[in-house]
Every structure is written in C-alpha cells, then in structure tokens.
Amino acid sequence: PGPAPTANTLEYGGLSWMSLPTLASGARKHLAGCGTTTAGVVFGGTPPSSGTGNTEEWNGSAWTEQNNMGTARYKNSPAQNGVQTAALSVGGTLGSSPYQTNNVEEYDGSSWTAVTVLPATVNQMSGIGIQTAYLGVGGSPYLTAGFEYDGTNWTAGGSLSVGTNGAGSCGTQTAGMIFGGRVSGPSRLATTQKYNGSSWSPQNVLGSGRYALNGAGTQTAGLAIGGETTTNTSATEEYDGSTWTANPTGLNTARRFLA
C-alpha cells in the first residue's frame, strides 16, 4: 500500500539535489546502499513482493547489475559508511515465514558471502559504520538492543532507552548517531541520539518527527533525508554537532524507505 516505488537516483551537492540515471533493474523501495557518488552499491528491496537479492553498482554515470545476494530480502540494513567493494547487508524481511531474518552477508565488489548471523531477527535496524566495524541498533519489532560487528563476530553494544525502528543514521561504530524513527504505535520521532562507543545520549531534535528516513555524514556534519511524517516528505536537514537546520531546497521528490 502507499505510493508506488521509484527507480529515481539523486545526487546531493551541499545545496541542492540533481537527478541522475535511474536504477537498471527498475523501481523498488526498502533497499539498502552505501558507497560514494562515483562508486556506490545498492542491494535488496521490493518489488517483487517477496523481496529481491538484486545488486547494482554505480560508477558516477550509470547503474550496472551485479551478482545477487544469497538471500532475497527487503528492509535490510547496510553498513552506512561501507564502500562499493566492502558492503554489508544485515537482517531484513523475507517473502515467506518466518519473514524476519538474522541473515548477514558481505559483498567484496563481485559476490556476496553469508557470514556470522545477527544475534536477533530484525528488519529496519539502523546501521552505522563499515563492514569490519559495524553498529546496528533498534529495528522492528521496536528493539532497544545494539549490536557490534568486527568483521567476524557479533557482541552486545549499548542499548536505547526506548525501542525504535526506521531511524536515520550516520557516523562510525564508536561515534554513531541516530535520528527520527518510530516507537510502538503511530508516533513519529524527532529525537536524536549520539553513541560514544558504549552508551547513547540525547541531543537536539529534528525539525519534525519522521520515520523511514535516511542519513549520511558524521556526528558533527550529519544529513537527514526524506522519510514520512503523516505523508512522504522531501525534507533535508543538516546537523553541525549541536543543531539541525533545514535546507530549503529539499529532495526533488518526497519519499520514504530510500537508500
């Protein structure tokens, strides 16, 4: 239900968004991605309704299809600061029972490999860091738990005070940040929390509560992009380490569940 998926690609230059060539495999939502504006990669998503393992790489001018993930899924979480040749896909939703998965896969720029599973089955987890230093926190069903990955094993990380899913994220495993998201019920959050490597602390809030948004950057130079309030939003906000400021340009097209 809701607005149709899109294949649109946009690039942010610090002041405004510019439209680029669309995804090669067609429109989808609930996908994950990482990399740079000249070497990106996206993976997973839906349609089809059961989710896909589809993977595409971006070279700065066009998308090219690559080898699929071993487990097709959507609402999977990436290592947000991962690169095209070292991506991570964590958890997500399958097309059939048991639906949520704890599957974890690593991408080397060519193929995906299944690695040590997450200690919990979850989707819409907020993913921070890189393939060998990942922090995942929250997610559906409204988890408070945080988990850290070193490229081989999972250990417990700091927990949130309130279970949250669909929050935006940025930063590193030891200096991460999440913002927005949803708690049990219809409430959309504007809260921002920073991680110091062991615990989370509250910060100044977003300009509006929203869910299913995305993020980029660091604790001192963050970006909150899109999401949903009561409807899809094009809002773009920048964080300087203490305060969020709305960029008046915003996305060209309002959307949620974006990579």
Side-chain angles (χ1 to χ4, degrees), residues 30-35 40-46 50-57 66-160 163-167 169-178 195-200 214-215 259:
H30 299 303
L31 69 167
C34 64
V41 59
V42 295
F43 37 94
T46 183
S50 59
T52 179
N54 186 277
T55 301
E56 294 188 37
E57 291 185 357
Q66 306 295 322
N67 289 317
N68 287 1
M69 287 189 291
T71 300
R73 70 188 99 167
Y74 58 101
K75 294 184 180 179
N76 49 315
S77 301
Q80 194 81 298
N81 288 348
V83 297
Q84 191 183 68
T85 55
L88 189 70
S89 178
V90 180
T93 300
L94 309 175
S96 58
S97 182
Y99 300 106
Q100 289 185 344
T101 180
N102 61 355
N103 177 275
V104 179
E105 296 185 44
E106 292 182 353
Y107 183 67
D108 63 6
S110 175
S111 301
W112 290 93
T113 302
V115 293
T116 309
V117 297
L118 187 72
T121 55
V122 62
N123 65 45
Q124 297 185 75
M125 174 177 274
S126 297
I128 298 167
I130 61 175
Q131 188 186 77
T132 55
Y134 171 85
L135 171 67
V137 64
S140 181
Y142 305 109
L143 297 182
T144 58
F147 302 98
E148 296 181 2
Y149 181 67
D150 63 6
T152 304
N153 299 308
W154 291 93
T155 56
S159 294
L160 300 170
T164 305
N165 71 24
S169 60
C170 65
T172 67
Q173 187 185 64
T174 56
M177 186 165 71
I178 67 168
Y195 189 64
N196 62 7
S198 60
S199 61
W200 294 90
N214 207 343

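Side chains are part of it too, since the values below use all heavy atoms of this structure and drop only hydrogens, waters and symmetry mates.
The shortest side-chain heavy-atom distance between Gln173 and Ile130 does not fall under the 4.5 Å cut-off. For the pair Thr71 and Asn76, the minimum side-chain heavy-atom distance is 4.5 Å or more. Contact of the Gln66 side chain with the Val41 side chain is not registered, since no non-hydrogen atoms from C-beta on lie closer than 4.5 Å. No side-chain heavy atom of Lys75 sits less than 4.5 Å from a side-chain heavy atom of Ser140. With contacts defined as side-chain heavy-atom distances shorter than 4.5 Å, the pair Val90/Tyr149 does not qualify. Put simply, the side chain of Glu105 does not reach to within 4.5 Å of the side chain of Phe43, judged on heavy atoms. The shortest distance between side-chain heavy atoms of Val104 and Leu88 falls below 4.5 Å. The shortest side-chain heavy-atom distance between Leu160 and Val137 falls under the 4.5 Å cut-off.
Using a distance-only test at 3.5 Å, with no hydrogens or angles considered, a donor-acceptor pair links the side chain of Arg73 to the main chain of Gly91. When atom types are taken as modelled, the side chain of Thr101 and the backbone of Gly92 share no donor-acceptor pair closer than 3.5 angstrom.
Nearest approach of Ser111 to Asn67, heavy atoms of both residues: OG-ND2, 3.5 Å. The two atoms that bring Ala120 and Phe147 nearest to each other are CB-CZ, 4.0 Å, heavy atoms only. Considering all non-hydrogen atoms of both residues, Val117 and Trp154 come closest at O-CD1, 3.2 Å. The minimum heavy-atom distance linking Ala72 with Leu94 is given by the pair O-CD2, 3.5 Å. Heavy atoms only, all atoms of each residue included: Ser198 and Asn196 are closest at N-OD1, 3.0 Å.
Separating the OH atom in Tyr107 from the SG atom in Cys34 is a distance of 10.0 Å, to the nearest 0.5 Å. For the atom pair Gln80 CD and Ile128 CD1, the distance stands at 8.0 Å (nearest 0.5 Å). Distance CD/Glu148 to OG1/Thr155: 5.0 Å, rounded to 0.5 Å. Atoms CG and SG, on Asn81 and Cys170 in that order, are 8.0 Å from each other to the nearest 0.5 Å. Atoms CD and CG, on Glu56 and Asn68 in that order, are 10.0 Å from each other to the nearest 0.5 Å.
Relative ring orientation between Tyr195 and Trp200 is described as tilted, the plane-to-plane angle lying within the 30° to 60° band. Classified by interplanar angle (parallel below 30°, tilted 30° to 60°, perpendicular above 60°), the ring pair His30/Tyr74 is tilted.
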Side chain to side chain contact (heavy atoms under 4.5 Å, CB included) evaluation trace for Met125 with Leu118
CA-CA 11 Å; Met125 174 177 274; Leu118 187 72; 4.0 Å; yes

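Trp112 meets the side-chain hydrogen bond (donor to acceptor under 3.5 Å, both in side chains) test with Thr55; sequence neighbours excluded.
Contacts classified as side chain to side chain donor-acceptor pair (under 3.5 Å) and involving residues 123-132 (residues at least two apart or in different chains) are given here: Thr93-Asn123, Gln124-Tyr211.
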